[in-house]
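Counting starts at 1 for both ligands and their atoms, following the listed order. Just so it is clear, the structure is predicted and the values come from calculations on it, not from any experiment.
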Amino acid sequence: MNRPIVTTGQHPDERSVELAGQVAGELGSDFVPRKKRSVRKLMKEFGRPVVVAGKERYEYHTDPDVQPLFFHPGLAAIRIKRIRDGGNDAMAEACGLRAGDSFLDCTLGLATDSTVASFIVGPGGRVTGCEADPVVAYIVSHGLETYTDSPQDVLEAMRRIDVRRVEAGEWIARCPDNSFDIVYLDPMFEEAIEESAAFAPLRSAGVHGIPDDRLFEEARRVARRRVVLKAHFKSALFDRHGFMRIERPNTKFHYGILDC
Ligand SMILES: C[S@@+](CC[C@H](N)C(=O)[O-])C[C@H]1O[C@@H](n2cnc3c(N)ncnc32)[C@H](O)[C@@H]1O
């Protein structure tokens with residue numbers, strides 16, 4: 001990956017400069033004073049992605065023509081409200097999630113699914129999320145710890161997620177057999193889904209490779225109850241790895257389940 005440079009917002013005070021320096025240190029990147037330059041200009045000048053470490057939020061700019069990636073709960077709060085009101089959630093149903101479960105998310109992304117899972121499994125359960133893109137993992141981890149603009153139980157669900165800045169295959173290989181009730185994979189779609197605007201920044205950042213066979217084998221070994229795959233309905237991964245597909249009329253992504 002092309003290591004980003006880290007800078008401040010347009011009008012930084014002393015604290016903002018300090019903060020951006022700290023973020024650069026934690027990311028193992030270089031701090032570059034903003035000097036009123038636009039992000040587009042910085043990207044062109046340095047030929048690298050740009051992290052803007054503001055006091056409000058951290059933004060990851062990988063493409064000058066795409067919105068930057070920053071942490072937000074996405075649909076998590078709405079999905080949790082629906083669950084609280086007795087409604088259903090397709091991911092939670094595919095996983096058969098219950099209070100007290102342990103859930104390994106191999107593709108954390110913006111942690112929307114993990115936040116919903118964390119709400120359902122509750123404080124007695126456990127959610128671990130692996131994210132292979134170190135900058136995405138850093139920004140999402142910071143957001144999960146510091147975001148405040150959601151109901152208290154959603155925030156508590158976010159705070160309980162254990163984020164691992166690592167490629168899932170590497171991490172899962174070190175997990176004992178049957179150590180998570182559910183292992184979940186939601187890799188980047190091989191096919192772009194145009195209507196999914198919320199994920200455009202992740203599509204521009206993030207890791208795009210299709211998970212290899214080894215990750216699926218390890219997922220099966222580590223899952224006590226079920227491995228769940230979310231993928232484009234045309235994805236060959238369902239058949240290749242023997243998932244039973246849950247058909248979802250009028251949606252472009254499907255869930256596949258593999259009971260252990
Ligand atoms: C489609 S997004 C996941 C979205 C997520 N389910 C959510 O609710 O926000 C896929 C994410 O998984 C990451 N990823 C892809 N392959 C990975 C792997 N082998 N290990 C860890 N992370 C991976 C990508 O960088 C990206 O952030």
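Heavy atoms of other residues, nucleotides or ligands lying less than 6.0 angstrom from CD of Glu247 number more than 12. Within a 6.0 Å sphere centred on CZ of Arg220, other residues, nucleotides and ligands contribute 12 heavy atoms or fewer. Other residues, nucleotides and ligands contribute more than 12 heavy atoms inside 6.0 Å of the CG atom of Asp65.
Near Ala111, with a cut-off below 4.0 Å to any heavy atom, the atoms of ligand 1 are 7 (C), 9 (O). Contact atoms of ligand 1 toward Glu167: 18 (C), 19 (N), 20 (N) (distance under 4.0 Å to a heavy atom of the residue). Those atoms of ligand 1 with a heavy atom of Leu110 less than 4.0 angstrom away are 9 (O). Residue Cys130 has at least one heavy-atom neighbour below 4.0 Å for each of these atoms of ligand 1: 21 (C), 22 (N).
Within the 4.0 Å heavy-atom shell around ligand 1 one finds Leu108. Heavy atoms of Cys106 come nearer than 4.0 angstrom to ligand 1 in at least one pair. Val166 counts as a contact of ligand 1, since one of its heavy atoms falls under 4.0 Å from the ligand.
Under 4.0 Å from ligand 1, the heavy atoms of Pro187 that appear belong solely to its backbone.
A donor-acceptor contact under 3.5 angstrom links the side chains of Asp105 and Ser114, judged on distance only.
In terms of N/O distances under 3.5 Å, ligand 1 is approached by Glu131.
Taking each of Thr115, Thr107, Thr112 in turn, the one with a heavy atom nearest to atom 3 (C) of ligand 1 proves to be Thr107.
Every residue two or more places apart in sequence or in another chain that forms a salt bridge (Lys or Arg N to Asp or Glu O under 4.0 Å) with Lys81 is listed here: Asp85.
At least one donor-acceptor pair closer than 3.5 Å links the side chain of Arg245 to the backbone N or O of Phe233. Glu59 places no side-chain N or O within donor-acceptor distance of the main-chain N or O of Phe70, the cut-off being under 3.5 Å.
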